[in-house]
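Both counts, for ligands and for their atoms, begin at 1 and track the order of listing.
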Amino acid sequence: MCGIVGYVGNKRAQDVVIEGLRRLEYRGYDSAGIALVHEGTIEWRKRAGKLANLEKALAEAPLPGASTGIGHTRWATHGAPTDLNAHPHLGNSGRVALVHNGIIENFASLRAEVEAAGDDLLSETDTEIAAHLLESALERCGNLTEAMQQVCQVLEGAFTIVAIDAQDPSRVVAARRNSPLVVGLGEGENFIGSDVAAFIEHTREALELGQDQIVTITRDDVSVIGFDGAPAEGKPYHVDWDLSAAEKDGYDWFMRKEIFEQPRAIGDALLGRHDANGRLQLDEVRISDDDLRQVDKIIIIACGTAFYAGLVAKYAIEHWTRIPCEVELAHEFRYRDPILTRSTLVVAISQSGETADTLMAIRHARQQRSKVLAICNTNGSTIPRESDAVIYTHAGPEIGVASTKGFITQVIAAYLLGLYLAQVKGTSYGEEVAGVVAELRDMPDHVQRILDDADELYALAAELKDTKSVLFLGRHVGFPIALEGALKLKELAYIHAEGFAAGELKHGPIALIEPGMPVFCVLPPRGRDQLHDKMISAIQEIRARGARTIVLAEDDDLEAAAYADTLIKLPRVSTLLQAVPAVVPLQLFACELATLLGHDVDQPRNLAKSVTVE
Ligand code: F6R
């Protein structure tokens, strides 16, 4: 949700900033802009649309060389995605330039103040107000850091702000509240970014900032203070992935690359999770085993695809631990007065670790004294920092806006959590836990085999290119996978798609079935609670009404072929674990169909990667 870059150093700032914006563009792509400090003035360009539009403008009218600058790629909140509303925004006399991510909630009253002071506002944004306030404060105190501190005290809401002063090329100043910001530590240069992708080609040393902090970077120094002016310190860390992980590696889309990385990602998510005696260990879980034994209810909170990972987790956690487990959309949970006690464990799932809805729900849970455990992919992000414990998913950077390896590793981490709780509570015998862990270790190979057959799914996508509507059915963990398959198709191919619990079909949705309508059916493995047979009945019901069935079934399930217009083979795994292989064909199908339709798969319309506003 908006990408922000800042740079001071010895290189051409325009190059560093534009390269950083390119790597952050997945966060928002409604407009892009850059501002540099050059000989006592601010030089800037900004354009509506993707970064390419800004690059074209820069090619037509190059900016002067400068070594201090800021940049922004926008996901619009206040004001339409136009040139005027694009960031950076300048103060009244053009001394200050500022970029912003987030929403300033007291924007209306501040706007009235700024207008009453006689300033001219050019845009509809909340950001421009902050630029005017910052410039006025700077005129009074003469120091950008101090001015930022004054302004942050009057701003309400969520914001990351990065600013430069035309009269001081030596520094870039940034502030954060409820919105992401990291510092890149270089030699003779320093960086600001919404995340480390902004500067990963220059340095892998980073500094994590706390809430309500201001950082000032110069070529040779980084200093941090609180909004109250008190000296503060960031937390240094080393980024454990490099530039190549943030590049496409020969694939047409980041998303396709990330789908194909899943065997490796699953392997990494499982690494180091058991001790020499085969007992599971989750090092990052800083909640004591005694506290975990007291847990009598689990509530999983998340949004979008991460929510579906939570739905899968519920089946596994309840089965292994016998602890009641609810799953709720974070934004609904936060504002409905949920029942939380000290013995409730709240599990927050988030790939980015910055989703505002999930973050607000976590804060609410902790205020009620529940313990919060995060399942997260992004080291140093806000959600794990504000949780009592974290299980990192180790998927590596996910750049494609639609989550794929993020989802699959969330599911793996949730399985590990369920097994760990079962081990601690003694609800599952050691051998059972070890057996599931052994099965999980085979997952990379299973997923690899599905990926090796991708061409079949691509051919199916080509056949169904003109379809207007697709349904997805599943039972048990196949139900959230059906929801996820539908979400992927909606967000990437802009096709109407819906996922249903197969048993629910006859209660209404079956009326949607028309002759020829494609319906993906996730068929559970044979042998558990008649799930398989019940699903076959649902498939028969829709075939009787002319649906075209695409059945995902175990590869030796001979019965399945009789009910499938197209059969997609899945490896033989236990029922609870089928979510992992079953999602992969649906990801491949959506990615390919969107590609064939000519859509931008990595940056679908209206979306952004990390949703940092509520
Ligand atoms: C869909 C997708 C989103 C995210 C959701 C939560 O493909 O990626 O639905 O899953 O916005 O994001 P995180 O996991 O970063 O909290």
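The distance from ligand 1 to the heavy atoms of Gly304 drops below 4.0 Å at these ligand atoms: 9 (O). Of all atoms in ligand 1, listed by their number and element, those nearer than 4.0 Å to a heavy atom of Ala402 are 7 (O). Remark: ligand 1 atoms within the under-4.0 Å shell around heavy atoms of Gln351 are 13 (P), 14 (O), 15 (O), 16 (O). Near Ser403, meaning under 4.0 Å from one of its heavy atoms, ligand 1 places the atoms 7 (O), 8 (O). Atom numbering of ligand 1 starts at 1 in the shown order; those under 4.0 Å from a heavy atom of Ala306 are 10 (O), 14 (O). Applying the 4.0 Å criterion to heavy atoms of Ser350 picks out, from ligand 1, the atoms 13 (P), 14 (O), 15 (O), 16 (O).
Relative orientation of the Tyr494 and His599 rings is tilted, given thresholds of 30° and 60° on the angle between their planes.
Within a 6.0 Å radius of CG in Asp337, other residues, nucleotides and ligands contribute 12 heavy atoms or fewer. More than 12 heavy-atom neighbours from other residues, nucleotides or ligands sit within 6.0 angstrom of CZ on Arg363.
Counting heavy atoms under 4.0 Å from ligand 1, residue Glu354 does not touch it at all. Residue contacts with ligand 1, taken as heavy atom pairs separated by less than 4.0 Å, involve Val401 solely via the backbone atoms N, CA, C and O.
With distances taken over non-hydrogen atoms, the option nearest atom 13 (P) of ligand 1 out of Thr355, Thr305, Leu359 is Thr355.
Between Lys488 and ligand 1 there is a heavy-atom distance shorter than 4.0 Å.
No donor-acceptor pair closer than 3.5 Å links the side chain of Lys297 to the backbone N or O of Pro324. Side chain of Thr378 to backbone of Gln351: a donor-acceptor contact under 3.5 angstrom is found.
Glu398 and Gly406 get closest at one heavy-atom pair: OE2-N, 2.7 Å.
For atom 11 (O) of ligand 1, the closest non-hydrogen atom on the protein side is Val611 CG2, 4.2 Å. Shortest contact from atom 15 (O) of ligand 1 to any protein heavy atom: Ser352 OG, 2.6 Å. Nearest non-hydrogen protein atom to atom 7 (O) of ligand 1 is Glu491 OE2, 2.6 Å. Scanning the protein heavy atoms around atom 6 (C) of ligand 1, the nearest turns out to be Cys303 O, 3.3 Å.
Judged by the 6.0 Å distance and 45° axis criteria, Arg256 is positioned over the aromatic ring of Tyr458.
Expressed to the nearest 0.5 Å, how far CD of Glu261 lies from CG of Asp268 amounts to 10.0 Å.
Distances between N or O atoms of Thr358 and those of ligand 1 include no value under 3.5 Å.
Considering Leu552, Val573, Ile408, Ile481 as possible partners of Pro581, the one that fulfils the side-chain contact (heavy atoms from CB on, under 4.5 Å) test is Val573.
For an aromatic pair to be called close, the ring centres must be under 6.0 Å apart, and Tyr251 with Phe260 satisfies this.
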